[in-house]
Novice: 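Quick one: the structure is below, questions incoming.
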Amino acid sequence: MSQAELEIEVSGQRIPVQKGQTFAEALQQADEKIKKQAKKALAVKLNGKEYDLNVPVPESGHVELLQFDSDEGKKVFWHSSAHVLAQALKRLYPDIKFDDGPPLLQGPGHFFYDVYTDHKITEEDFPKIEEEIQKIVRENYTITRREIPKEEAIKKFKNEGERFKVAILENLPNDAVISLYRQGEFEDLCRGPHVPSTGRLGVFKLTAVSGAYWKGDPANPMLQRIYGVSFPDKKMLKEYLFRIEEAKKRDHRKLGKELDLFSFHPEGPGFPFYHEKGSILFNTLANFIRNECEKRGYKEIRTPMILSEQLWIQSGHYQNFKENMYFTEVEDKEFAIKPMNCPGANLVYKSAPRSYRDLPLRLAELGLVHRHELSGVLHGLFRVRAFTQDDAHIYCTPDDLQKEIRSAIEFTIDVYNKFGFKDTIIYVATRPEKSLGSDEIWEKATSALTQALSDLNLEYKIKEGEGAFYGPKIEFNISDSLGRQWQCGTIQVDFSMPERFELEYIGSDGAKHRPVMVHRAILGSLERFMGILLEHYAGKLPLWLSPVQVRVLSISENQHDYANKITEDLKKAGFRAEADNRNEKIGYKIRDWNAKKINYALILGEKEKQENTVTVRSRGEKESYTVSLREFIDKLHSELAQ
RNA sequence: GCUGCCUUAGCUCAAUCGGUAGAGCAACUGACUUGUAAUCAGUAGGUUGGGGGUUCGACUCCCCUGGGCAGCUCCA
């Protein structure tokens, strides 16, 4: 046996490797424990770089086994799954051309493949495709990698008529390593890594098919995108499907209908109609945030919904945001319906001379803005055409900027905690193409944001070119029950608007200075936030938010008077209560009370009426207990105080 | 906006090959007077989203259009 030339280390164990030996072969020399782990490995990471198990070990170093339990392992598993999907599609539709098939960590599937074929793939084709996929898994092809020069790869794919692959290749640098992966008769351009064989992939299910623009550009032709999920075993697929079902149950659009909160109508697509109970929820949220703002020195203002087009030219909205704006004309004058609140706030700022002693001036506004959104993006309360922002504009001196950003961040996180949103993802969005001001100003504004985040030890990711046209932003994203991320809060530093509006304050030196402006919203849109809350709580709102907190159920007609009196007493005590005096049995009323997700039921029969008590049943509990109304009200108060 | 799918009573859904629209729940009326997840009986409810076409005949097939759903793109 020849001398080992390389050495890898796995979980503290050193393994000698002969030249040309693959990772899989090398791992066979490890002890039983590691061999067992290696069997489950999908790929490996050597010195931080991912490799296939089936390639020769290129160098010595530390090896990590990638399994399905990590995000990296999942990505390998799902990426290979996408290839199997492609192979199946090629068998069924020989004319098919492939674009790209990446893994996903969130979205409507674990992976997709974008394809072009004359055959319109519909969900009816899924069983057939899935069958072919499982066949490929059973056939257990070894997946092998080979590397070829770019020119050769382009030639190969040109010959095969794979024009999308050719386009991908042409975009790569000339010295790029071009790797191809083969499994049976199918070979695909891919960076890898991949699982060692198709048999390693377990159960598949195709989840969706839709159009997707080539390279994401609406000007390009549309490809067909086929989404799927895959798991190592059936049980995990079942759990996944169960979770999807659960998520559907808490869809806020469904809950909004069931709980009679809001509705949408063809007469106003994207414009929510709040019913009585939805209004209560909306107003409760609005008052909550008002209160929190007041505690922190904000002053509330209200500005008009329709303002002269001239103002929007001055602010730059007309030039940068026009496609999203609604316009109207009166007496030959052009007006725009406000898509943002900042220009209005600026006029309020300018309504009086400002001194440095007035700063920071924090002007809050629950502003109803209208934005024309493309019809295809509308989505319940998550995406509407008219929404109320818990907006505020903070005018401060450059010296106070850091402090103001920090306290806005802290304010935001405090509010999310109140609702139990823990894992907020923070982004910093930088200068977009369509924007105002110099690079220098953008640099200054962006670093003000990142500095504040760093000072508070908060992690963030960069979203290149996703800022507002007037300034960079911090975005706070929270996730809904399907794992989708929604932007709620935002903090934006703006040096441009003060310039364009010639905002000034008199400094301690008696001279005129320009304030900096911070735009910020915490809930973002009350509409969206309400939708997220409904899904977050699955409609079971905490007491303080519930449109109906208590429902009073009479056992029979004899207690109607008593039930009405108790209901009135609760209302007088400041609670939202309603009586159910319908001519129905108590079982029916309990069932309906439960379905409406009301926090408490008071059950009133002859016994309670005689003893002047109430029998309390809490949401989600089967047991009830009997107390005086006084005691019940005390309990409600203490719950609200929490 | 684009691609695909969907659109039937207030809600959730049926209706064979194109043969003339039906159920449950809700509503209303009556009986029952009820003790912790659906009492019984009855009544009413529809130009099948809208418009046009094919046909002896259209919920069903075709065209235009509104709205919704999923995805793409965009976004709080």
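By convention in this document, chain letters (A, B, ...) are assigned in the order of the sequence lines, proteins followed by strands, and residues within each chain are numbered from 1. Below, all heavy atoms of this structure are taken into account, side chains as well, without hydrogens, waters or symmetry copies.
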Novice: Find which nucleotide of RNA chain B each of H372(A) and I590(A) is nearest to by heavy atoms, and output the residue with the more 5' nucleotide.
Specialist: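 Result: H372(A).
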
Novice: Y326(A) vs H370(A) aromatic rings, parallel, tilted or perpendicular, using cut-offs 30° and 60°?
Specialist: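 Ring orientation of Y326(A) relative to H370(A): perpendicular.
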
Novice: Can a side-chain donor-acceptor contact be found between T615(A) and T626(A) if the only test is distance below 3.5 angstrom?
Specialist: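 A pair is found: one side chain offers a donor N or O, the other an acceptor, under 3.5 Å apart.
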
Novice: When both hydrogen-bonding distances must be under 3.5 Å and the geometry is Watson-Crick or G-U wobble, what is rU60(B) paired with, if anything?
Specialist: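 Pair assignment: rU60(B) / none.
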
Novice: Please figure out whether E606(A) or S375(A) has its closest RNA chain B nucleotide nearer the 5' end.
Specialist: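 Counting from the 5' end, the first nearest nucleotide belongs to S375(A).
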
Novice: Does either side chain, that of E527(A) or that of Y274(A), offer a donor lying less than 3.5 Å from an acceptor on the other one?
Specialist: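 Y274(A) and E527(A) do have a side-chain donor-acceptor pair below 3.5 Å.
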
Novice: Run F421(A) and H536(A) through ring pair (Phe, Tyr, Trp, His ring centres under 6.0 Å) and show every step you take.
Specialist: CA-CA 9 Å; F421(A) 292 116; H536(A) 178 63; 4.2 Å; yes

Novice: Is it true that the side chains of T490(A) and Q492(A) contain a donor and an acceptor less than 3.5 Å apart?
Specialist: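 Per modelled atom types, T490(A) and Q492(A) side chains form a pair under 3.5 Å.
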
Novice: When rounded to the nearest Å, what value does the distance between P atoms of rA41(B) and rA26(B) take?
Specialist: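 rA41(B) and rA26(B) have their P atoms separated by 13 Å.
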
Novice: With the side chain of K607(A) defined as its heavy atoms from C-beta on, choose the nearest nucleotide among rG35(B), rG68(B), rG71(B).
Specialist: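 Per side-chain heavy atoms of K607(A), the pick is rG35(B).
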
Novice: Please report the distance separating the P of rA27(B) from the corresponding atom of rG49(B), rounded so that it comes out in whole Å.
Specialist: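 It comes out at 26 Å once rounded to the nearest Å.
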
Novice: What is the nucleic acid contact for G587(A), judged by heavy atoms within less than 4.0 Å: base, sugar-phosphate only, or nothing?
Specialist: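 Answer is sugar-phosphate: G587(A) comes under 4.0 Å of backbone atoms only.
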
Novice: Paired with rG49(B): which nucleotide, if any, by Watson-Crick or G-U wobble criteria at under 3.5 Å for both distances?
Specialist: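 Partner of rG49(B): rU65(B).
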
Novice: Can you tell me, in whole Å, how much space there is between the P of rU3(B) and that of rG45(B)?
Specialist: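 Comparing P positions in rU3(B) and rG45(B) gives a spacing of 42 Å.
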
Novice: Go ahead and name the base partner of rU39(B); Watson-Crick or wobble counts if both distances stay under 3.5 Å, otherwise write none.
Specialist: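 Looking at the geometry, rU39(B) pairs with rA31(B).
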
Novice: With respect to the phosphate group of rA70(B), does any side-chain polar atom (N or O) of H379(A) fall under 4.0 Å of OP1 or OP2?
Specialist: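 Checking rA70(B) against H379(A), a side-chain N or O does come within under 4.0 Å of OP1 or OP2.
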
Novice: Which nucleotide, rG71(B), rA76(B), rA27(B), lies nearest any side-chain atom of V384(A)?
Specialist: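 The closest nucleotide is rA76(B).
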
Novice: Kindly say if Y227(A) contacts the phosphate of rC72(B), meaning a side-chain N or O under 4.0 Å from OP1 or OP2.
Specialist: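 Yes, within the criterion.
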
Novice: Which distance, rounded to the nearest 0.5 Å, do you find between the CZ of F327(A) and the CD1 of I306(A)?
Specialist: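 These two atoms lie 12.5 Å from each other.
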
Novice: Rounding to an integer number of angstrom, what distance separates rC69(B) and rU47(B) when you compare their P atoms?
Specialist: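 Going atom to atom, P in each nucleotide, I get 24 Å.
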
Novice: Once you apply a heavy-atom cut-off of 4.0 Å, does E584(A) come out as touching a base, just sugar-phosphate, or nothing?
Specialist: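 Base contact.
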
Novice: According to the 5.5 Å centroid and 30° plane-angle thresholds, does Y588(A) stack upon the nucleobase of rA37(B)?
Specialist: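 Ring-base stacking flag not set for Y588(A) and rA37(B).
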
Novice: OP1 or OP2 of rC25(B) less than 4.0 angstrom from a side-chain nitrogen or oxygen of R591(A), does that happen here?
Specialist: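 So the side chain of R591(A) is outside the cut-off, no N or O lying under 4.0 Å from OP1 or OP2 of rC25(B).
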
Novice: May I ask which nucleotide in the shown strands pairs with rA70(B), Watson-Crick or G-U wobble, both distances under 3.5 Å?
Specialist: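 Its partner is rU3(B) (Watson-Crick or G-U wobble, both distances under 3.5 Å).
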
Novice: Taking atom P in both rU16(B) and rU60(B), what distance in whole Å separates the two?
Specialist: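 Between the two P atoms, the distance is 12 Å.
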
Novice: Can you check the distance between rA58(B) and rU20(B), where both ends of the measurement are the C1' atom (answer in whole Å)?
Specialist: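 To the nearest whole Å, 9 Å.
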
Novice: Nearest to the A212(A) side chain among rA70(B), rC72(B), rA76(B), which nucleotide is it?
Specialist: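 Within the option list, the nearest is rC72(B).
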
Novice: Would you tell me if any nitrogen or oxygen in the side chain of R528(A) comes within less than 4.0 Å of OP1 or OP2 on rC75(B)?
Specialist: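 For R528(A), the contact criterion (side-chain N or O under 4.0 Å from OP1 or OP2 of rC75(B)) is not met.
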
Novice: What does K257(A) touch in the nucleic acid at a heavy-atom separation under 4.0 angstrom: a base, only the sugar-phosphate, or nothing?
Specialist: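 Sugar-phosphate contact only - K257(A) comes under 4.0 Å of backbone atoms but never of a base.
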
Novice: Please determine whether a side-chain nitrogen or oxygen atom of K473(A) lies at a distance below 4.0 Å from atom OP1 or OP2 of rA76(B).
Specialist: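 So the side chain of K473(A) is within the cut-off, an N or O lying under 4.0 Å from OP1 or OP2 of rA76(B).
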
